[in-house]
Amino acid sequence: MTHPAITQQTFSKAVSAATHPVHEAVMADSLEVMVTYHREKVQVLERTLQQLNLLDNAREIAFICRELTQIKATLRQLEGKRPFNA
């Protein structure tokens with residue numbers, strides 16, 4: 001018997017997201033492309049997070065929050081690599 005909050009759809013979403021980790025290398029030709037990719041990924045995850053209910057989707061919310069933390073750390077690293085423009 002599974003917990004009622006864990007539906008097959010929620011479980012399959014979490015498994016498919018887990019097979020594509022956030023920290024994998026992004027094939028990009030410039031720093032701006034990588035920053036744009038990560039910013040868009042943050043927007044998508046935040047929109048997904050807004051649609052979830054804490055009581056029904058607690059595990060998925062925790063997973064998305066960990067992903068967001070990793071992406072934002074990557075963005076901070078990428079922002080540190082940008083050349084200074086006056």
Practice item. Could you walk me through whether Val44 and Glu40 pass side chain to side chain contact (heavy atoms under 4.5 Å, CB included), step by step? Key: CA-CA 6 Å; Val44 168; Glu40 289 176 1; 5.6 Å; no
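- Heavy atoms only, all atoms of each residue included: Leu49 and Ile64 are closest at CD1-CG2, 4.0 Å.
- Note that CD of Glu60 is 12.0 Å distant from CG of Leu54, once rounded to the nearest 0.5 Å.
- Residues forming a salt bridge (Lys or Arg N to Asp or Glu O under 4.0 Å) with Arg39 (at least two apart in sequence, or on another chain): Glu79.
- In this structure, the side chain to side chain contact (heavy atoms under 4.5 Å, CB included) partners of Val42, at least two apart in sequence or on a different chain, are Glu46, Leu68, Ile71, Lys72, Leu75.
- To the nearest 0.5 Å, atoms CG (Leu78) and CE (Met34) are separated by 5.0 Å.
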